[in-house]
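A quick write-up on the structure given underneath.
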Amino acid sequence: MRWTVHGEHSLYETPWVRLRSLDVEQPDGVRTDYHVVRLRDLAVAAAVDERQRVLMMWRHRFVTDTWAWELPMGLVEDGESPEAAAARELEEETGWRPETVSALISAQPAAGITDSRHFVFRADGVRRIGEPSERNESDRLEWIPSADIPGMIARGEIVSSATLVGVMALLLDLRARGRAVAASRFRRGQARSPVAGRRVGSPRPR
């Protein structure tokens, strides 16, 4: 069933938030005013090193008055790609610069009230270039072993929806890559084996 938008007008606007009132027609034919928060898209960087550790920020969110671990993230600027924004935010908030970034997942965190999209990228080959230029973003930075992340989630140490989506996508990606590497090694081992392809129990050649 589809909702139809007949019109839209502004209620409140800032460079970060636009509150809009929409004239919508519901599937049952009823028309009503519906408030929507229009936000810029968010880019998230999941930096991982060769030991499968993830770079995370311990930070305070004053709106909810909570401390938790988060991935570096920030709003996508006008004319900027989400990929470029993820690399920029990683460098600004942590002082680490990625060699490559690759798309992991995208999500709509609250599609019933906002049109913001979250784009998560995996960052590889990161190197430290200096101190973070954003001084108000986190209390400390740490490389967290990826194996520790499920326990952190269970203990409520990761609560940001963008971070939760990001780390779960990263864990799935690490698992898939690990399986691919293992399969490749197995195939190479089979190709090198002098008995590759010989059925177990078949007679040895004389």
Side-chain angles (χ1 to χ4, degrees), residues 16 37-59 61 66-129 132-134 137-138 140-185:
W16 299 276
V37 180
R38 299 208 180 277
L39 300 171
R40 284 182 287 168
D41 292 334
L42 187 76
V44 186
V48 60
D49 68 5
E50 67 281 355
R51 295 165 57 187
Q52 296 195 347
R53 298 180 305 170
V54 185
L55 184 60
M56 303 193 72
M57 309 161 57
W58 178 251
R59 65 174 303 169
R61 291 293 186 179
T66 53
W67 287 90
W69 290 100
E70 293 187 10
L71 295 172
M73 65 184 76
L75 297 176
V76 179
E77 302 291 347
D78 293 338
E80 185 180 38
S81 69
E83 180 180 18
R88 174 181 55 76
E89 289 291 341
L90 175 63
E91 183 172 329
E92 290 177 353
E93 295 186 353
T94 70
W96 290 77
R97 177 178 295 171
E99 180 178 310
T100 61
V101 292
S102 54
L104 276 179
I105 197 169
S106 63
Q108 298 177 351
I113 190 65
T114 180
D115 59 352
S116 177
R117 296 171 297 175
H118 292 178
F119 294 94
V120 183
F121 295 86
R122 170 173 171 156
D124 288 284
V126 295
R127 59 185 178 90
R128 193 170 187 272
I129 62 168
S133 59
E134 294 287 348
E137 293 297 330
S138 67
R140 70 181 189 271
L141 301 169
E142 284 191 21
W143 285 95
I144 306 293
S146 59
D148 293 352
I149 289 177
M152 295 166 65
I153 295 172
R155 293 189 297 271
E157 297 171 7
I158 299 175
V159 295
S160 155
S161 63
T163 297
L164 285 167
V165 169
V167 295
M168 294 306 295
L170 179 62
L171 291 178
L172 290 174
D173 186 64
L174 290 172
R175 181 181 299 177
R177 293 189 187 208
R179 288 175 175 171
V181 169
S184 177
R185 289 174 178 170

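Heavy atoms only, all atoms of each residue included: Ala45 and Leu71 are closest at O-CB, 3.7 Å. Val44 approaches Ala86 most closely through the heavy-atom pair O-CB, 3.9 Å. In terms of heavy-atom proximity, Leu141 sits nearest to Pro132 at CD1-CG, 4.3 Å. Taking every heavy atom of both residues into account, Ala47 and Val126 meet most closely at CB-CG1, 4.0 Å. Scanning both residues, Ser146 and Pro150, for their nearest heavy atoms gives O-CD, 3.7 Å. Ala43 approaches Pro82 most closely through the heavy-atom pair CB-O, 3.5 Å.
Between Arg61 and Val159 there is no side-chain heavy-atom pair separated by less than 4.5 Å. In this structure the side chain of Glu91 reaches within 4.5 angstrom of the side chain of Arg97, judged on heavy atoms. Side-chain contact between Ile149 and Leu170: absent, with no pair of heavy atoms (C-beta onward) separated by less than 4.5 Å. Side chains of Val76 and Leu42 form no contact here, defined as non-hydrogen atoms less than 4.5 Å apart.
With sequence neighbours left out, Arg127 forms a salt bridge (Lys or Arg N to Asp or Glu O under 4.0 Å) with no residue at all. Residues passing the side-chain contact (heavy atoms from CB on, under 4.5 Å) test with Leu172: none are found, sequence neighbours excluded. In this structure Ile105 satisfies the side-chain contact (heavy atoms from CB on, under 4.5 Å) test together with Val120, Val165, Ala169, sequence neighbours excluded. Under the rule for a salt bridge (Lys or Arg N to Asp or Glu O under 4.0 Å), the partners of Asp173 that lie at least two apart in sequence or sit in another chain are Arg122, Arg177. Leu164 pairs by the side-chain contact (heavy atoms from CB on, under 4.5 Å) definition with Ile153, Ile158, not counting sequence neighbours. For Arg155, the salt bridge (Lys or Arg N to Asp or Glu O under 4.0 Å) partners are Glu157, not counting sequence neighbours. Listed by chain and number, the residues in a side-chain hydrogen bond (donor to acceptor under 3.5 Å, both in side chains) with Thr163 are Ser160 (sequence neighbours excluded). When the side-chain contact (heavy atoms from CB on, under 4.5 Å) test is applied to Arg88, the partners found at least two apart in sequence or on another chain are Glu77, Glu80, Ala85, Glu92.
Within the structure, every pair that satisfies the ring-ring contact (aromatic ring centres under 6.0 Å, His included) test and touches residues 71-104, not counting sequence neighbours, is listed here: Trp96-Trp143. Residue pairs meeting the salt bridge (Lys or Arg N to Asp or Glu O under 4.0 Å) criterion with at least one member in residues 159-171, sequence neighbours excluded, do not occur. Applying the salt bridge (Lys or Arg N to Asp or Glu O under 4.0 Å) rule to pairs touching residues 104-120 yields Arg38-Asp115, Asp41-Arg117, sequence neighbours excluded. Applying the side-chain hydrogen bond (donor to acceptor under 3.5 Å, both in side chains) test to residues at least two apart or on different chains, none of the pairs has a partner in residues 99-113.
With rounding to the nearest 0.5 Å, the separation of CZ in Phe119 from OG in Ser81 is 10.0 Å. From Arg53, atom CZ reaches atom CG of Asp49 across 4.5 Å, with rounding to the nearest 0.5 Å. Residue Met57 holds its CE atom at 12.5 Å from CD1 of Ile144, rounded to the nearest 0.5 Å.
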Original post:
Are Leu55 and Leu90 close enough, and set up right, to give a side chain to side chain contact (heavy atoms under 4.5 Å, CB included), and what steps lead you there?
Top reply: CA-CA 9 Å; Leu55 184 60; Leu90 175 63; 4.1 Å; yes

Original post:
Could you go step by step and tell me if Met56 and Val167 meet the side chain to side chain contact (heavy atoms under 4.5 Å, CB included) rule?
Top reply: CA-CA 10 Å; Met56 303 193 72; Val167 295; 4.2 Å; yes

**OP:** Begin with the C-alpha distance, continue with both residues' side-chain angles, and end with the deciding distance and a verdict on side chain to side chain contact (heavy atoms under 4.5 Å, CB included) for Trp58 and Glu142.
**Re:** CA-CA 8 Å; Trp58 178 251; Glu142 284 191 21; over 6 Å; no

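Within a 6.0 Å radius of CZ in Arg51, no more than 12 heavy atoms belonging to other residues, nucleotides or ligands are found.
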